[in-house]
Each structure stands twice: as structure tokens, then as C-alpha cells.
Peer 1: 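Below: one structure in C-alpha cells.
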2 protein chains.
Amino acid sequence: MSQQRHGSTPGGTGDVPAFPDLPEATIARLPEYLRALHNLGEGGADTISSEGLAAAAGVNSAKLRKDLSHLGSYGTRGVGYDVALLIEQIEYVLGLDQRRAVCLVGVGNLGHALAGYDGFASRGFKIVALFDADPAKVGERIHGLVVRHIDELSEVAVEESIAIGVIATPAGAAQAVADELVAAGVTSILNFAPCVLSVPANVDVRKVDLAIELQILSFHEHRKASLTALPGGRSATGAGTQEAVGS
Amino acid sequence: MSQQRHGSTPGGTGDVPAFPDLPEATIARLPEYLRALHNLGEGGADTISSEGLAAAAGVNSAKLRKDLSHLGSYGTRGVGYDVALLIEQIEYVLGLDQRRAVCLVGVGNLGHALAGYDGFASRGFKIVALFDADPAKVGERIHGLVVRHIDELSEVAVEESIAIGVIATPAGAAQAVADELVAAGVTSILNFAPCVLSVPANVDVRKVDLAIELQILSFHEHRKASLTALPGGRSATGAGTQEAVGS
DNA sequence: AGGCGCTTGTGAAGGCGTGCACAAATCGCG
DNA sequence: CGCGATTTGTGCACGCCTTCACAAGCGCCT
């Protein structure tokens, strides 16, 4: 209902959208919908129902419909959603229609892998620069990119219009790196270092702590162990229904 | 208030606790508190106020107090929390007092890095086995572990009492690997592959998709760009207050 | 043309999580 | 011994998110 602004967005002549400020929870799920849609599209599907897409994305169908309704009315009742159109819309909302330059700081164990991670490039993100503080690593060539010293960060960031930075340094160096990224004009940071970062209010930080995920799983293991200690005693391997407990 | 079961847990003689089912949001924050506490403890702090610990963990102090109150009353009014006692309590609740064996499937780009990630070992998780389907990788030695073929998974999992598995394979192989992990008795899975997994109800799955995090940041970049297009026009680098926008 | 089945979009209700504000409790000091 | 400063633990209200249930809309078949 209400006013629709249908196919005026991606192919538009550059008008600014003014988002209907999506709920944060919805934003976090859009990439998952997008991935599912790409899979379905490659499978030859032309349209997809909310039920089908929800199953492919691992969520409730009602939740999916409400999420998509926040973007506007891009479905057809009785039919479903046009896969290509929906892909286009979500990519537009997420800002994926424009290539986004990313830099990565910290070419250690994890950073090395991130530099070559296929998932970034396939989703439209291009790592354009690698930095490290260790002189021994500067000059090293990783997946086609030469590691530069971190002192060059500011210069390169401006030159390449880098807005997103990834921190893969030890925790002790992360805050200093974040400060340098901010000073270089970066406004979004993905932090893999296990520490809290202080940044200005206009900078977004998302944190990924691999160890935390394992600790959460550990809790559930502990809980399950304390429960199975009471009733059966045996571990119920290969139980029955299928259910994923996501984030 | 209510009944307290104070220092009866970690040093106890093996009684099963029966958790007061913590809110999921609280569980997800406990590892962060734990990390902050370890930092404070190494800094020589004996006790810490909720205000101080909240700052170190990057959360609101009221939220922290409510979270900790769910574990029981381990603080002293007018003083704060005993750092060592709180560490012990949180580690107990998370089940970190017992070493947890972890296996990792998929020794590609990302898996290679995860195998050597320091953060796992330092938090009490020990990767005891690496698997891959590629015969060319079987036999390779990575950080002191030899890569084994995935067909050996079931045998090794039982032998080493592995309850947690990490999937770092391409998306296409992830579901098959998950099935094999479940069949081998694994009841917690950390999935790095960009796909939805179907598992029995008694198995917990947590998903980490690195590309999704970047896409969420991309949305905020897009939003910020469309906002700054209206008022000032210049990017307000180096604004003022410090604020982190976490997960 | 009309009706029927299917699917979207949404109003409303319920649950969960957050943050405020304050009472209860503890320590230190005079 | 009592008082004030300090800090925890929590009742309460608010807002966000999820879920149900259903009306509105669309296409197809007769």
C-alpha cells in the first residue's frame, strides 16, 4: 500500500533515495536473502514465493515478507517475487551496485586468508590495498597485491577512495590502526581483533570475534551435557527433525 | 536475592548445575565480559565496578549488571565485582573449565588461517584434527597437525571425543560435511560457508559469513552517503564524541 | 466474465531486550 | 557506633522484533 516508488531506483538518473530507515534486524538479513536469490536465479528460477525464499534463506516466511515489505512492494500476489527484480532492489539498498574499495590492515595469519577470500570479490568488494606495520612483511606479494607499510595508509586511502577498512591485527595494535583509518577518511570498519574500538560517532564498526562464536557453542554444549545427564544418559545422535539454530 | 548457590560451582565435587536458562543475548555477551576481565586482571585489578567493566567491554553498565545478575550475586555493593571470582564463574557457565576438542573441515584459504588462529587456543579450544576432501591436501602438515582425509572423520571424532566442528569448505560441500559431522556425534557446528545448513534439532549451528558483515557496512555507507548529500556536502572527518556501533 | 485458489502485505498481539531510576547493602571514617 | 559515600541488584516502562492470522490482490481456468 501507500506510495510506491517502483522501478525508479537502480536505473534512475541519480536521484537520492531517502531510505525509509529499515530496522537493523532487517538489514542484517538482506545479504542472506540476496545470496539465496542468487542461488535460485542460477538454478533457473524466474519467480519465487516467500515460502520458498524463506526456506532457502533459513528464516520464517512471515519475517521475510515483512522484511521485504520495508523495501516496497516488489512481489505479485498469487505469484511471488520476481527474482531478478528483487536482486536488483536489494543490491541497490545495500549499496552493492557501486564497487566498494576495501583496505586490509594486518597481514598475519588471519589477514593473509582474508586477503585471498573469494567471498569478498564475488560480492562486489575489492580489496585494493594491504598494510602491515612489520617491515619484514612490507613488499610481500599476496594474491596479486603488494603489502605496503602502514604509514602509507592515509595517502593510499585518499587516492583509492577507500571507505571501508578491515582490521586483522593483534588486539594491542587495533585501536591505533582504527585511529589511523579514521584519520584517513574511512567511515566503516570491520574489526577482527578481540578488543573494543573507540571511534567517532559517524564511523560504523562491526566486530567479528571467531573465539566468541566458539564460546557460545561451548555454552550450549555445557547446557546440553547437563540436561542429558538427567533423563536418558545416552547421546541422542541422529534424532529426527531438521532445525538450524542461527545467530 | 532468592536462593544463592555461591562458591559451590567451579570447585564443587561435580554436581550438575541446572542453569537458570540465561537469555540468549546475555550468553552472547559473556565472552566479551570474560575477555575484558582477563585484560583487567592482567593489569593488576583486584575488583572492578560495573561501570569500569562495562566500559572495558563496550556495553551499558545497567545491561552488564542485569546480565551478571542472571548468573547469581557475585558482586559486593559499594565495592564491585571480584575479578578472579567472576572469571571463574563465567568460565564455568560457558563450560570453558573443561578443554573442548574441536575439528576443522576444509583446509583451504580460510581454513588454513583458522587452523593457526591463536585466539582459539588462548580461549581453551584445541583443534585436534584437520580434514579435507582433496587428496592433494591430505598429509600436509599445518601448524603441527597433519591433514587427514574426510573419510576418517567419524573414526577420529569418536576417538578424540570431538563435540564441536568448524566448517570452512566451499558452500557446495558444506551440507554434506555437516551431515558427516552430525553422524560422527558432533553437536555444535561453526559454519563459515555461505549457505544454510539443515541439522537435527539437538545440534547447534552458528554461522559466520564474512561477506555479510561487509554488506551490512556497505548499507551504512550507502545510507551515510545519501544523507551527507543533503546538508553539508563535505565529509565530517574527525567529528567529535567517541561511540562504537557494535553488532 | 466470473469464480477459485494461491500468495503477498499488514494489523495486532505477544515476547524479548534495553535502559532508567531507585532501594538495598556494604565499606570506610569520624 | 552511626553516618555518608558508593555500588549492586532490580522493578518498571518503553521500544523493537517476531509471529499469527487474515484481508486484499492477482492469475488462471472454466
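The analysis underlying the following values was restricted to heavy atoms, covering all of them including side chains, and did not include hydrogens, waters or symmetry mates. The chains referred to below are lettered A, B, ... by the order of the sequence lines, with proteins before strands, and numbering in each begins at 1.
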Peer 1: Is it true that the side chains of B:T187 and A:E221 contain a donor and an acceptor less than 3.5 Å apart?
Peer 2: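 Judged by distance alone, the side chains do pair up.
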
Peer 1: Whether B:T76 contacts C:dT26 is assessed here as follows: a side-chain N or O lying under 4.0 Å from the phosphate OP1 or OP2. Is that the case?
Peer 2: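 Looking at the OP1 and OP2 atoms of C:dT26, neither is under 4.0 Å from any side-chain N or O of B:T76.
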
Peer 1: Report the distance from atom CG of A:D82 to atom P of D:dG27, rounded to the nearest whole Å.
Peer 2: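 So the CG-P distance, A:D82 to D:dG27, works out to 13 Å.
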
Peer 1: Only counting residues at least two apart or in another chain, list the ones meeting ring pair (Phe, Tyr, Trp, His ring centres under 6.0 Å) with B:Y33.
Peer 2: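 Not a single residue meets the ring pair (Phe, Tyr, Trp, His ring centres under 6.0 Å) criterion with B:Y33.
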
Peer 1: What residues form a side-chain contact (heavy atoms from CB on, under 4.5 Å) with B:A84, not counting sequence neighbours?
Peer 2: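 B:A84 satisfies side-chain contact (heavy atoms from CB on, under 4.5 Å) with B:D82 only.
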
Peer 1: Can you find a side-chain donor-acceptor pair between A:H220 and A:R223 that sits under 3.5 Å?
Peer 2: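 Note: A:H220 and A:R223 side chains meet the donor-acceptor criterion.
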
Peer 1: Specify the separation, in whole Å, of atom CG of B:D21 and atom P of C:dG15.
Peer 2: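 In whole Å, C:dG15 P and B:D21 CG are 15 Å from each other.
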
Peer 1: Taking all non-hydrogen atoms of both residues into account, name the closest pair between B:S50 and B:R65 and its distance.
Peer 2: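 Closest pair (atom of B:S50, atom of B:R65, distance): OG-NH1, 3.1 Å.
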
Peer 1: D:dT10 P sits how many Å from B:L64 CG, rounded?
Peer 2: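 After rounding, the reported distance stands at 14 Å.
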
Peer 1: Between A:Y81 and D:dC26, is there a contact of a side-chain N or O with OP1 or OP2 at under 4.0 Å?
Peer 2: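 Answer is no, no contact under 4.0 Å.
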
Peer 1: Base of C:dT8, side chain of A:R77 - is there a donor-acceptor contact under 3.5 Å?
Peer 2: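 A donor-acceptor contact between them is present.
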
Peer 1: Would you give a per-nucleotide map of nucleotides 15-20 of chain D, 5' to 3', where B means the base has a protein non-hydrogen atom under 4.0 Å away, S means only the sugar-phosphate does, and - means neither?
Peer 2: --SSBB

Peer 1: Take atom CD of A:E51 and atom P of C:dT8, then tell me their distance rounded to the nearest Å.
Peer 2: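 From A:E51 CD to C:dT8 P: 8 Å.
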
Peer 1: Taking the side chain from A:K207 and the backbone from A:F192, do they hold a donor-acceptor pair closer than 3.5 Å?
Peer 2: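 Looks like no, no N/O pair under 3.5 Å.
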
Peer 1: Check whether any side-chain nitrogen or oxygen of B:S73 sits under 4.0 Å from OP1 or OP2 of D:dG9, and answer yes or no.
Peer 2: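 Checking D:dG9 against B:S73, a side-chain N or O does come within under 4.0 Å of OP1 or OP2.
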
Peer 1: Please confirm whether the shortest side-chain N or O distance from B:S50 to OP1 or OP2 of D:dT8 is below 4.0 Å.
Peer 2: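 For D:dT8, OP1 or OP2 has a side-chain N or O of B:S50 closer than 4.0 Å.
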
